[in-house]
Q: 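Have a look at this one before I ask anything.
Chain A is the first sequence line, chain B the second, and so forth, proteins listed ahead of strands; every chain is numbered from 1.
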There are 2 protein chains.
Amino acid sequence: MSERRPGEIPEATVARLAVYLRVLTGLADDSTVTVSSEELAAIAGVNSAKLRKDLSYLGSIGTRGVGYDVTLLREKIASSLGLTQRRTCVLVGVGNLGHALAGYPGFSSRGFTFVGYFDVDPGRVGESIADSQISDISELESVVEANGVSIGVIATPAEAAQTVCDRLVDAGVTSILNFAPSVLTVPGNVDVRKVDLAAELQILSFHEHRKSRGLGDGLVESVG
Amino acid sequence: MSERRPGEIPEATVARLAVYLRVLTGLADDSTVTVSSEELAAIAGVNSAKLRKDLSYLGSIGTRGVGYDVTLLREKIASSLGLTQRRTCVLVGVGNLGHALAGYPGFSSRGFTFVGYFDVDPGRVGESIADSQISDISELESVVEANGVSIGVIATPAEAAQTVCDRLVDAGVTSILNFAPSVLTVPGNVDVRKVDLAAELQILSFHEHRKSRGLGDGLVESVG
DNA sequence: AACCGCTTGTGAACGTAAGAACAAAGTCGA
DNA sequence: TCGACTTTGTTCTTACGTTCACAAGCGGTT
């Protein structure tokens, strides 16, 4: 039963495809025509066998003895990720982080169009942001529905996140990117990805802690 | 050979411990004294068996028939993550995102102290930020060494990231949190975690794409 | 046209993680 | 003190992900 349906790409692979895509864009800018799995893997920071297996899920794209055509591979990855069509997004919560996200150039350059920025604070509504302006949260549903928005980005405080999430889902959003430090509950057809900034630092803290203790051998801290 | 040395906690578990910790803090604020694996797992959005296994790596903490003491568990997780000692950090690159990170309340409230904010832009140096001020990048090494900084946060453009990373590592930083969309190369004793904002959206895009195609059956898009 | 060197694509082995299920170990009430 | 009940800690099974190693396939060369 280890059969995988054609078109089924493992999660871990999908996450790396985004990295390969970025690397390939860089190579294309340098007018590189062809790249081997070994080279590409080195730049992307992964094992070359893993890279080849990842790419093999997209079909047989490379040429044996030669490598991969940069342009072709780039298109293939982009189409697998569904990046051939522009996707519309909304951002809810325009505090510090929300502002930064709104100004992040990587989004629009990669095919994501933000059609609305929302906040509850009346003081912020109307403020201009990233060649648009902040709308009141009450307009959320109408904007989502009018634009067929599929992705919602939540950058509110933790307390507001679930409510905002529910409203997004009710309005038709089927993918959520959550920056609020809270666990979201959603229906099964909705995908959530979370970015937990404090957790990232805590994970690094764990490794720091470990490094400063064990130093590689079977040493165990005696617990008082 | 599936023995795991005592004290060895799996990566996947470490990442979740940070989530449990946050949930437990919330429970403690509500004056909850005891919590069962089932309850805690529900709030944290994970399977209860997984949660129990995660916690079992920290030792036998719960009481059968009762559950876990919230305070005790919280302390145990915090100490496993090395959060009992405050960790000093520096932030390099104070653009939009850097500002947002500097203003993020979750860092200092969880034991992370930023002792320096750096940028190359002379126009920004001196600007006040999060009850401190922006320093010139040239001071990076001296600040890192003077404060025994162990964690560096990179929020520069992609082109600068590797150079900044090298400087941090040379100065003695052993953990890096990278927000720049680039792959960092570091010595083996240094840990890197990356947060790739555009990649997150692309992963969601993939799932959107998949939902709008297959709808759950063996349907395969015919490739022209 | 036959060979040679190179690189892909993949099968098999290994390691890590998730989930189900249950025995062990505790509390609480009588 | 004993028994019923609850919830943990852990074992076992299954799934997923990574890595190795190599046959298959292609371009260039003679």
Q: Hey, which of these two, A/Ala49 or A/Gly65, hits DNA chain C nearer its 5' end, going by closest nucleotide?
A: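 Residue closer to the 5' terminus by nearest nucleotide: A/Gly65.
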
Q: Choose from C/dA20, C/dT7, C/dT10 the nucleotide whose nearest atom is closest to any side-chain atom of A/Lys53.
A: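 Between C/dA20, C/dT7, C/dT10, the one nearest the side chain of A/Lys53 would be C/dT10.
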
Q: Of the candidate nucleotides D/dA21, C/dA23, D/dT18, which contains the atom at the shortest distance from the side chain of B/Arg64?
A: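 Ranking D/dA21, C/dA23, D/dT18 by closest atom to the B/Arg64 side chain puts C/dA23 first.
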
Q: It should be established whether B/Arg52 places a side-chain nitrogen or oxygen under 4.0 Å from OP1 or OP2 of nucleotide C/dA20.
A: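 No, outside the criterion.
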
Q: What pairs meet the salt bridge (charged side-chain N to carboxylate O under 4.0 Å, His left out) rule with one or both residues in residues 167-187 of chain A, with sequence neighbours excluded?
A: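 Applying salt bridge (charged side-chain N to carboxylate O under 4.0 Å, His left out) to every pair that reaches into residues 167-187 of chain A, excluding sequence neighbours, yields A/Glu141-A/Arg167.
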
Q: Of the nucleotides C/dA20, C/dA12, C/dT27, which one has an atom closest to the side chain of B/Val66?
A: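 The closest nucleotide is C/dT27.
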
Q: Picking from D/dT8, D/dG17, C/dA18, which would you name as closest to the side chain of B/Arg16?
A: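 Nearest to the side-chain atoms of B/Arg16, counting from C-beta on, is C/dA18.
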
Q: Which of these nucleotides, D/dC26, C/dG19, C/dG11, is closest to any side-chain atom of A/Thr63?
A: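 Selected nucleotide (nearest to the side chain): D/dC26.
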
Q: Under a 4.0 Å threshold between the charged nitrogen and the carboxylate oxygen, would A/Asp69 count as salt-bridged to A/Arg74?
A: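 Between A/Asp69 and A/Arg74 there is no salt bridge, as every charged N stays at least 4.0 Å from the carboxylate O atoms.
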
Q: Choosing from C/dG9, D/dT18, C/dA17, which nucleotide comes nearest the side chain of A/Ser60?
A: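 Nearest listed nucleotide: C/dG9.
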
Q: What's the separation between atom OG in A/Ser80 and atom CG in A/Asp54, rounded to the nearest 0.5 Å?
A: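 Output value for this atom pair is 11.5 Å.
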
Q: Mind checking B/Ala12 for me? I need base, sugar-phosphate or nothing, with any heavy atom below 4.0 Å counting as a touch.
A: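 Answer is sugar-phosphate: B/Ala12 comes under 4.0 Å of backbone atoms only.
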
Q: What nucleic acid atoms does B/Ile61 come within less than 4.0 Å of, heavy atoms only: base, sugar-phosphate, or nothing?
A: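 The residue B/Ile61 makes sugar-phosphate contact but no base contact.
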
Q: Tell me whether A/Glu8 is salt-bridged to B/Arg210, with the criterion being a basic N under 4.0 Å from an acidic carboxylate O.
A: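 Result for this pair is yes, salt bridge flagged.
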
